[in-house]
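Scroll down for the structure; my scribbles are underneath it.
Just so you know, residue 1 is the first one in the sequence shown, and it goes up from there. As the structure lists them, so they are numbered: ligands from 1, and atoms in each ligand from 1.
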Amino acid sequence: MAATLHRLRSWLGALVVAILLPLAGFSVATAAPAPPSADGEVGTQIVGGTRASTSTYPWVVYLATSSGFQYCGGTLVAANKVVTAAHCTVGDSASAVRVVAGRDDKNSTAGVVARVTKIWIHPSYVDATQGNDVSVLTLDRNLTQATLPIATSSDTGLYAAGTSSTILGWGTTSSGGSASRYLLKATVPLTSNATCSSAYGSDFKAAHMVCAAYPQGGTDTCQGDSGGPLVAGGKLIGITSWGEGCALAGYPGVYTRVSNFATLITQQINS
Ligand code: 4AZ
């Protein structure tokens with residue numbers, strides 16, 4: 001269905017965005033001016049987002065190629081473990097992946113670049129719309145950044161419709177637009193399962209996924225944000241996974257429901 005045509009563009013889509021669009025001299029207009037960020041800057045702060053700092057969100061990291069190209073997000077859940085999306089790492093060799101922590105600005109050298117020694121992908125992962133979109137990376141070192149606890153089966157209350165959640169990432173600022181140079185964040189309410197089923201039909205699997213969006217759209221994760229965190233109640237409740245376009249009214253962002261994978265993730269953290 002249509003959603004499948006618009007997902008899994010975290011890497012290749014972003015490459016096209018990063019290389020082809022600038023070469024072609026494209027510029028992409030945004031629907032509305034973004035509010036000023038904390039440092040007073042006004043500009044296209046992607047799909048409803050504003051600037052954020054890794055000082056405030058120390059556990060948000062990005063995945064990059066060996067040449068430094070950012071293609072996904074992730075969350076530090078132990079000193080040497082990062083949770084990301086399976087669709088971000090499937091087919092990759094650990095030696096090809098870099099994890100960048102403590103760097104708000106992709107054009108800076110702030111923070112640390114870790115290598116990856118192991119990629120675990122959920123054994124049943126096939127495709128993001130089929131669920132199981134979770135991967136755990138083991139780093140070659142222990143990072144000093146604070147970690148974020150993952151939601152467990154005790155945290156089902158965090159998934160109530162209307163719960164305010166935080167999304168973070170360095171992805172595109174509009175569907176098919178340019179990736180953000182800076183870490184951006186936004187707040188979105190979780191939707192009910194019924195709302196997400198109405199949007200996506202059988203592609204939405206409640207045991208595997210949770211959705212977040214305002215009914216009117218306008219705020220969302222987008223290409224290159226995949227693998228990054230959806231946070232509520234001080235815990236990692238979701239992993240940016242897929243959606244129809246970005247920030248479209250009636251098409252929420254879809255996130256891996258972390259609580260249902262907590263046992264497997266914890267096993268990987270402790271392995
Ligand atoms: C992506 O391709 C992607 N609007 C991530 C999030 C969403 C759509 C696509 C949700 O990485």
Side-chain angles (χ1 to χ4, degrees), residues 1-18 20-21 28 30-31 45-49 60-65 69-75 83-92 125 127-131 133-135 165-180 183-191 195-196 198-200 203-205 208-231 236-258:
M1 65 186 298
T4 60
L5 299 176
H6 292 261
R7 62 188 169 70
L8 305 186
R9 290 179 299 181
S10 49
W11 193 341
L12 289 177
L15 273 171
V16 168
V17 160
L20 298 182
L21 293 186
V28 178
T30 50
Q45 313 277 6
I46 163 173
V47 213
V60 64
V61 302
Y62 68 80
L63 309 191
T65 63
F69 179 79
Q70 179 268 328
Y71 60 91
C72 270
T75 306
V83 168
T84 187
H87 84 258
C88 288
T89 61
V90 69
D92 290 354
Y125 172 77
D127 174 273
T129 60
Q130 292 185 52
D133 194 9
V134 54
S135 175
S165 67
T166 301
I167 49 178
L168 289 153
W170 289 261
T172 65
T173 57
S174 63
S175 189
S178 304
S180 179
L183 174 64
L184 300 179
K185 71 161 191 300
T187 300
V188 275
L190 301 187
T191 74
T195 293
C196 211
S198 301
Y200 295 119
D203 278 348
F204 174 71
K205 292 154 187 84
H208 295 246
M209 305 168 192
V210 60
C211 297
Y214 292 103
Q216 71 271 27
T219 307
D220 200 4
T221 44
C222 208
Q223 293 94 28
D225 291 323
S226 278
L230 173 75
V231 182
L236 182 69
I237 67 162
I239 304 164
T240 302
S241 182
W242 63 280
E244 173 68 29
C246 307
L248 298 173
Y251 292 96
V254 188
Y255 301 83
T256 304
R257 189 180 290 262
V258 166

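Counting heavy atoms under 4.0 Å from ligand 1, residue A247 does not touch it at all. The part of W242 lying near ligand 1 is the backbone, judged by heavy-atom distances below 4.0 Å. Only the side chain of D220 comes within 4.0 Å of ligand 1, counting heavy atoms alone; its backbone N, CA, C and O stay farther away. Only the side chain of T240 comes within 4.0 Å of ligand 1, counting heavy atoms alone; its backbone N, CA, C and O stay farther away.
Aromatic ring centroids of W170 and Y71 lie 6.0 Å or more apart.
From I239, atom CD1 reaches atom OG1 of T75 across 7.5 Å, with rounding to the nearest 0.5 Å. One finds the SG atom of C222 at 11.5 Å from the CG atom of L184 (value rounded to the nearest 0.5 Å). Atom OH of Y251 and atom OG of S175 lie 13.5 Å apart (nearest 0.5 Å).
For T195, the side-chain hydrogen bond (donor to acceptor under 3.5 Å, both in side chains) partners are S192, not counting sequence neighbours.
Between L230 and the choices V258, L168, L236, V210, the side-chain contact (heavy atoms from CB on, under 4.5 Å) rule is met once, by V210.
Side-chain atoms of T221 and Y255 form a donor-acceptor pair, as typed in the model, at a separation below 3.5 Å.
Polar contact check, S226 against ligand 1: a nitrogen or oxygen pair lies under 3.5 Å apart. Remark: ligand 1 and G245 share an N or O pair separated by less than 3.5 Å (distance only, no angle test). In terms of N/O distances under 3.5 Å, ligand 1 is approached by T221.
Close approach of ligand 1 to C246 is summarised as follows: ligand atoms under 4.0 Å from at least one heavy atom of the residue are 4 (N). Within ligand 1, counting atoms from 1 as listed, the ones closer than 4.0 Å to a heavy atom of G224 are 11 (O).
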